[in-house]
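These notes concern the structure reproduced below.
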Amino acid sequence: MKILVFLSIVALSSAKSLLENEFHHFLAEQDILLQDPPQNIQAKQISTPTPRADDQFFTCPLKCICRVRVVQCSDAELKSVPAKIPKDTVMLDLQNNKITEIKEDDLKNLTSLYALYLVNNKITKIHPKAFRSMTHLKLLYLSWNLLPRIPINLPASLLELRIDENKIKKIQKGDFKGMKFLHVLEISGNVFDTTDIEPHAFDGVLRLIYLRMSYGKLSSIPKNLPSNLYELYLDHNRISSIQRKDFQRYKDLYRLDLSYNQIKEIENGSLVYLANLRQIHLENNAVKNVPASIKELKYLQTLYLHNNNISKIEIDDFCPKEMKIKKLHYYGISLFGNPVKHWEIQPASFRCVSGAHGVQLGNFKK
Ligand SMILES: *[C@@H]1O[C@H](CO)[C@@H](O)[C@H](O)[C@H]1NC(C)=O
Ligand SMILES: *[C@@H]1O[C@H](CO)[C@@H](O)[C@H](O)[C@H]1NC(C)=O
Ligand SMILES: *[C@@H]1O[C@H](CO)[C@@H](O)[C@H](O)[C@H]1NC(C)=O
């Protein structure tokens, strides 16, 4: 069993394409083919005989390349999903075409699909039943299309959904229905504001650890995102302040990106909930002070504050008075591009920064 699995992975990875390598990597990482049980999945994976060359010739759609259950039809000027895609396909690449719509039966026969790439097409519509036969789909990439909403009835098996650079105006209750395995959601470059995210939109999404909502129209921090997020990217929006309760829910955050917003006010105490935070990006905002609760974040190691409006730095802004409170030292703090006068900062302000180049102040080095 294991050997066959190994061979099929070798076959997959021997193909040159970057996507295939990525896919192979993904399979290995997700342990989908490597684990022993469940038997039914294995049986399905392994017992399908490799199609003979002549079968392949007849079942591979025009303008596509088909090998070892991977079908590549990228950059082929396709206006619709081609018919006669082999039924046992696990990866289907339809990137960089001119597909405008996914119709009801376009993907009907593809019950074994694990990865579907539709990046950079002109899709405005996906039929509500288009994904109905996909019970194994893990990766769905819909970035750079023209979708006005998250497609209805996405497969509940998804681990990763990328739907950035579309025209999504709202995130609605039910959009992620049943997606309890979703780990990664990339939804940057759309047009919804914070108030367009319905309060229960993420109910039941239990394992999301990576969420990117960059390059959008968010005017404040969304408060109803899944609570176990590990990485949250809200950069390049138009958030102007951070309120005390904004991060109350996100206690597991490890990395937070709020750069390139219009943040002027960070309410005292609003960051204390982020007890596990390692890295925070606040650069390119209009922040006037080092946020009051920064020094209470025990694990914070990297703090980006450059290109803000900080004119004064107090001796205890970064480091707590009693050193035992802050366990980890900072690797780096960036402060250049602020109106603060370097020569007025007391060197002891950086007593909990490690290394000689841990602080970037423009010309001034610690
Ligand atoms: C799906 O399979 C059926 C039966 O083999 C076939 O008639 C039909 O054309 C297939 N659909 C597509 C979209 O390939
Ligand atoms: C922030 O709140 C803490 C605790 O409530 C308080 O000790 C501190 O003085 C406040 N800092 C500012 C700048 O208001
Ligand atoms: C920077 O702060 C000063 C007052 O401290 C204010 O007058 C100015 O408008 C601020 N600049 C920006 C870009 O917010």
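By convention here, the first residue in the shown sequence is residue 1. Remember, it's 1-based here, ligands and their atoms both numbered in the order they're listed.
- Under the 3.5 Å distance criterion, with hydrogens and angles disregarded, no donor-acceptor pair is assigned to the side chains of Ser112 and Asp88.
- Summary of contacts: the protein heavy atom closest to atom 9 (O) of ligand 3 is Asn309 ND2, 4.7 Å.
- At the shortest separation from atom 13 (C) of ligand 2 among protein heavy atoms lies Ala292 CB, 4.0 Å.
- The nearest protein heavy atom to atom 7 (O) of ligand 2 is not closer than 4.0 Å.
- With rounding to the nearest 0.5 Å, the separation of CD in Glu165 from CG in Leu147 is 12.5 Å.
- Ion pairing between a basic and an acidic side chain is recognised when a charged N comes within 4.0 Å of a carboxylate O; Lys79 and Glu77 show no such pairing.
- Residue, atom and distance of the protein heavy atom nearest to atom 14 (O) of ligand 1 are Lys84 N, 3.0 Å.
- Of the protein's non-hydrogen atoms, the one nearest atom 5 (O) of ligand 3 is Lys288 CD, 4.3 Å.
- Considering CG of Leu305 and CZ of Phe336, their distance stands at 10.5 Å, rounded to 0.5 Å.
- Of the protein's non-hydrogen atoms, the one nearest atom 12 (C) of ligand 1 is Asn109 ND2, 3.4 Å.
- Within the listing of ligand 1, atoms 13 (C) sit less than 4.0 angstrom from a heavy atom of Asp105.
- Ion pairing between Glu231 and Arg255 holds under the 4.0 Å rule for side-chain N and carboxylate O.
- Contact check on Glu198 versus Lys173 returns no salt bridge, with no Lys/Arg side-chain nitrogen under 4.0 Å from an Asp/Glu carboxylate oxygen.
- When heavy-atom distances to ligand 1 are checked against a 4.0 Å cut-off, Lys108 has no atom that comes that close, whether in backbone or side chain.
- Those atoms of ligand 1 with a heavy atom of Lys87 less than 4.0 angstrom away are 2 (O), 4 (C), 5 (O).
- Contact check on Arg149 versus Asp175 returns a salt bridge, with a Lys/Arg side-chain nitrogen under 4.0 Å from an Asp/Glu carboxylate oxygen.
- Distance from atom 4 (C) of ligand 2 to its nearest protein heavy atom, with residue and atom name: Asn268 ND2, 4.7 Å.
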